[in-house]
Chemist: 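Before I ask anything, let me first share the structure, which is written out below as structure tokens.
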Amino acid sequence: MRQFLNRSAPPHIITLVLMAGLAALSLNIFLPSLPGMADYFGVEYSFMQLSVSAYLAVSALLQLLVGPISDRFGRRKVALAVLGLFLLATLGTLAAPTAEVFMAFRLVQAVVATNFVISRAVVRDMVPADEAASMIGYVTMGMSLVPMIGPVIGGALDEAFGWRANFTLLAALGLLVTALVWADLGETTRAGGVGFAAQLQSYPALLQSQRFWGYSLSAAFASGLFFAYLGGAPFVGTTVYHLSPSQLGYYFALPAMGYAIGNFISGRFASRVGIDRMVLAGTLTATLALVVAVVANLAGVAHPLMFFAMVGVTGLGNGLALPSANAGMMSVRPELAGTASGLGATLTVGGGAGLAALSGALLSPESGALPLVLLMFASSLASVGAIGWVFWRRRQLGI
């Protein structure tokens, strides 16, 4: 049993959950407010939607950098620096007088997304690959409970106090998580970290590994369907299904609920089933749910419960697949767990940013939800292909 609030030892799982949970909450708590924020600032919805897609693009770049930096300087120092920048940026969003100023601070807020990379790398520092998949499953299960209720709280806060209440809550929670990390997150990298020169020498082995790319691309495309959903679902909910912010917040809980269930199953069984089969099971589950959603749309079944319930099942699939895919990509070169986690996250979030922007561009009041559902299906199908490549390579190599 790991000691809690002892920064001379590895962190408690609660600390890792809350680090990643704050990053998830920052992404989605204000989604029900986006249409109203566009009206408040007097800009088009497409501009405010950049607070999701551009946020993801910036966080992709930052996650590429933070992995090697945390391998070199240690997880603890980098995590505390990230949280300090996040707090300053959140205060900036609250004081923003225009949409442009808000957007600038919002993009700086993206630094908190690197806590995904750091928390996963900490887990891989502590335990071997199959056990890491289980532990990451438990971490992300706990983390998913936060964004499950985030849009619900965000929608209620928006209706009661306005959109700034969401960012006030983020500032308060950021302070709490910073204090917890300071008190509990012990350093998990080996003494001195891995120097940048040594990292560069190890990069070819990482980048030439087809297993690394198979796991990374499967994670990226599986996550891509969710990022496309984040970019388009606020528009679909308000314009196509005519939901209020609070109603939209409740529907947003369904995918997170499915994700939490999938993470729980992953935590229980990944070490016994094996990471490859867990990824395949998860990606197939998500893809089949989207087949149902496509057929329902083509048949004229246009109801928010059908749309959001099927996205909830894709959340279940991602909850099964992503912990094992993330553990797999970091198992190729364990001493570069941060670098592998960062590169994988960059592929995931960078691709997600493009899909989020594309989903916003494809949708219109006349189109309904179908373009978004088709985009999500295509991304999910690609995730099945990527993990299928890993199986095929294993058969070729006889492993």
Chemist: Is the backbone of Leu363 close enough, under 3.5 Å, to the side chain of Ser367 for a donor and an acceptor to pair up by distance?
Modeler: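 Pair absent, no side-chain N/O of Ser367 close to backbone of Leu363.
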Chemist: Is there a path from Val236 to Val313 through hydrophobic residues (I, L, V, M, F, W, Y) whose side chains come within less than 4.5 Å of each other?
Modeler: no
Chemist: Check whether any side-chain N or O of Ser379 sits under 3.5 Å from a backbone N or O of Met376 as a donor-acceptor pair, and report yes or no.
Modeler: no
Chemist: Closest heavy-atom contact between Gly328 and Ile275?
Modeler: CA-CD1, 3.7 Å
Chemist: Same hydrophobic cluster for Val301 and Val240, using side-chain heavy-atom links shorter than 4.5 Å among ILVMFWY?
Modeler: no
Chemist: If I take atom OG1 from residue Thr93 and atom CG from residue Leu88, how far apart are they, to the nearest 0.5 angstrom?
Modeler: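 One gets 11.5 Å once the value is rounded to the nearest 0.5 Å.
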Chemist: Going through the checks in order, is the side-chain contact (heavy atoms from CB on, under 4.5 Å) test met by Ile14 and Val17?
Modeler: CA-CA 5 Å; Ile14 291 174; Val17 167; 5.6 Å; no
Chemist: Quick one: does Thr283's side chain have a donor or acceptor within less than 3.5 Å of a partner on Leu280's backbone?
Modeler: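 Side chain of Thr283 to backbone of Leu280: a pair is present.
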Chemist: State whether the side chain of Ser266 and the backbone N or O of Gly262 hold a donor-acceptor pair below 3.5 Å, judged by distance alone.
Modeler: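 No, the answer is negative, given that no donor and acceptor are paired below the 3.5 Å cut-off.
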Chemist: Mind checking the CD1-CD1 spacing from Ile69 to Ile118? Nearest 0.5 Å is all I need.
Modeler: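 Rounded to the nearest 0.5 Å, the CD1-CD1 separation comes out at 9.5 Å.
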Chemist: Would the distance check show the side chain of Arg164 and the main-chain N or O of Leu94 forming a donor-acceptor pair, the cut-off being under 3.5 Å?
Modeler: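 Judged by distance alone, yes, a pair lies under 3.5 Å.
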Chemist: Ring centroid separation for Phe167 and Phe102, is it under 6.0 angstrom?
Modeler: yes
Chemist: Would you kindly say whether Asn326 and Tyr215 are connected by a side-chain donor-acceptor distance under 3.5 Å?
Modeler: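 No donor-acceptor contact under 3.5 Å links the two side chains.
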Chemist: In this structure, would Leu288 and Tyr259 fall into the same cluster of hydrophobic residues linked by side-chain contacts under 4.5 Å?
Modeler: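 Hydrophobic grouping puts Leu288 apart from Tyr259.
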Chemist: Ring pair (Phe, Tyr, Trp, His ring centres under 6.0 Å) with Phe308: which residues, sequence neighbours excluded?
Modeler: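 By the ring pair (Phe, Tyr, Trp, His ring centres under 6.0 Å) rule, Phe308 matches Tyr251.
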Chemist: Taking C-beta and beyond as the side chain, do Asn166 and Leu169 meet within less than 4.5 Å on heavy atoms?
Modeler: no
Chemist: Test of understanding: with side-chain contact (heavy atoms from CB on, under 4.5 Å), list the residues that count as partners of Leu61, not counting sequence neighbours.
Modeler: none
Chemist: On a heavy-atom basis, which atom in Leu230 and which in Pro234 lie closest, and how many Å separate them?
Modeler: O-CD, 3.2 Å
Chemist: Would you name the heavy atoms of Met310 and Val292 that are closest together and state the gap between them?
Modeler: SD-CG1, 3.6 Å
Chemist: Hey, does Ser51 have a side-chain heavy atom less than 4.5 Å from the side chain of Met37?
Modeler: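 Not touching, per the 4.5 Å side-chain cut-off.
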Chemist: Measure across Ala233 and Leu248 and return the closest heavy-atom pair with its distance rounded to 0.1 Å.
Modeler: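 So the minimum-distance heavy-atom pair works out to O-CD1, 4.2 Å.
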Chemist: Consider only side-chain heavy atoms of I, L, V, M, F, W and Y, link residues closer than 4.5 Å, and tell whether Leu284 and Leu217 are in one cluster.
Modeler: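 No.
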Chemist: Measuring only between side-chain heavy atoms, which start at C-beta, is Phe86 closer than 4.5 Å to Leu22?
Modeler: yes
Chemist: Taking ILVMFWY side chains as joined if any heavy atoms are under 4.5 angstrom apart, and letting links pass through other members, which residues group with Leu375?
Modeler: Leu355, Leu358, Leu362
Chemist: Pairing donors with acceptors under 3.5 angstrom, does anything connect the side chains of Tyr55 and Ser26?
Modeler: yes
Chemist: Ignoring hydrogens and angles, tell me if any N or O in the side chain of Arg76 forms a donor-acceptor pair with the backbone of Leu185 under 3.5 Å.
Modeler: yes
Chemist: Can you check whether Val181's main-chain N or O pairs, donor with acceptor, with Thr15's side chain at less than 3.5 Å?
Modeler: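 Not at all, since once roles are kept as given, no pair shorter than 3.5 Å links the two residues.
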Chemist: Heavy atoms only: give me the nearest Val122-Pro11 pair and the separation to one decimal.
Modeler: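 In this case the closest contact between Val122 and Pro11 is CG1-CG, 3.7 Å.
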Chemist: Would you compute the distance between atom CG of Leu16 and atom CG of Leu180 and round it to the nearest 0.5 angstrom?
Modeler: 9.5 Å
Chemist: Going only through I, L, V, M, F, W and Y residues with side-chain contacts under 4.5 Å, is there a path from Leu381 to Phe226?
Modeler: yes
Chemist: ring-ring contact (aromatic ring centres under 6.0 Å, His included): which pairs involve residues 349-391, sequence neighbours left out?
Modeler: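 Those involving residues 349-391 are Trp389-Trp392.
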Chemist: Among all residues two or more places apart in sequence or in another chain, which pass the side-chain contact (heavy atoms from CB on, under 4.5 Å) test with Asp158?
Modeler: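 Asp158: side-chain contact (heavy atoms from CB on, under 4.5 Å) contacts with Ser33, Trp163, Pro245.
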Chemist: Tabulate below the donor-acceptor pairs under 3.5 Å that side-chain atoms of residues 107-117 make, not counting sequence neighbours, or state none.
Modeler:
| from | atom 1 | to | atom 2 | distance (Å) |
| --- | --- | --- | --- | --- |
| Gln109 | OE1 | Arg106 | NH1 | 2.9 |
| Gln109 | NE2 | Thr90 | OG1 | 3.0 |
| Thr114 | OG1 | Val111 | O | 2.7 |

Chemist: Any non-hydrogen side-chain atom of Leu170 less than 4.5 Å from a side-chain atom of Leu25?
Modeler: yes
Chemist: Restricting to non-hydrogen atoms, name the atom on Glu187 and the atom on Lys77 that form the minimum distance, rounded to 0.1 Å.
Modeler: OE1-N, 4.4 Å
Chemist: Check whether any side-chain heavy atom of Tyr229 sits under 4.5 Å from a side-chain heavy atom of Ser359, and report yes or no.
Modeler: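 The answer is no; the side chains never approach within 4.5 Å.
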Chemist: Are the side chains of Phe235 and Pro365 in contact, using a 4.5 Å heavy-atom criterion?
Modeler: yes
Chemist: Are Thr314 and Pro255 close enough that some pair of their side-chain heavy atoms sits under 4.5 Å apart?
Modeler: no
Chemist: Is it the case that the side chain of Ser380 and the backbone of Ala222 share a donor-acceptor pair, with hydrogens and angles ignored and the cut-off at 3.5 Å?
Modeler: no
Chemist: In Å, rounded to the nearest 0.5 Å, how long is the span from OG of Ser209 to CE of Met329?
Modeler: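 Rounded to the nearest 0.5 Å, the OG-CE separation comes to 11.5 Å.
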Chemist: Output the distance between atom CZ (Arg272) and atom CZ (Arg277), rounded to the nearest 0.5 Å.
Modeler: 12.0 Å
Chemist: Just how far is it from atom CG of Leu157 to atom CD1 of Ile29, taken to the nearest 0.5 Å?
Modeler: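 Interatomic distance, Leu157 CG to Ile29 CD1, rounded to 0.5 Å: 6.5 Å.
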Chemist: So Leu80 and Trp182, do their side chains get closer than 4.5 Å, heavy atoms only?
Modeler: yes
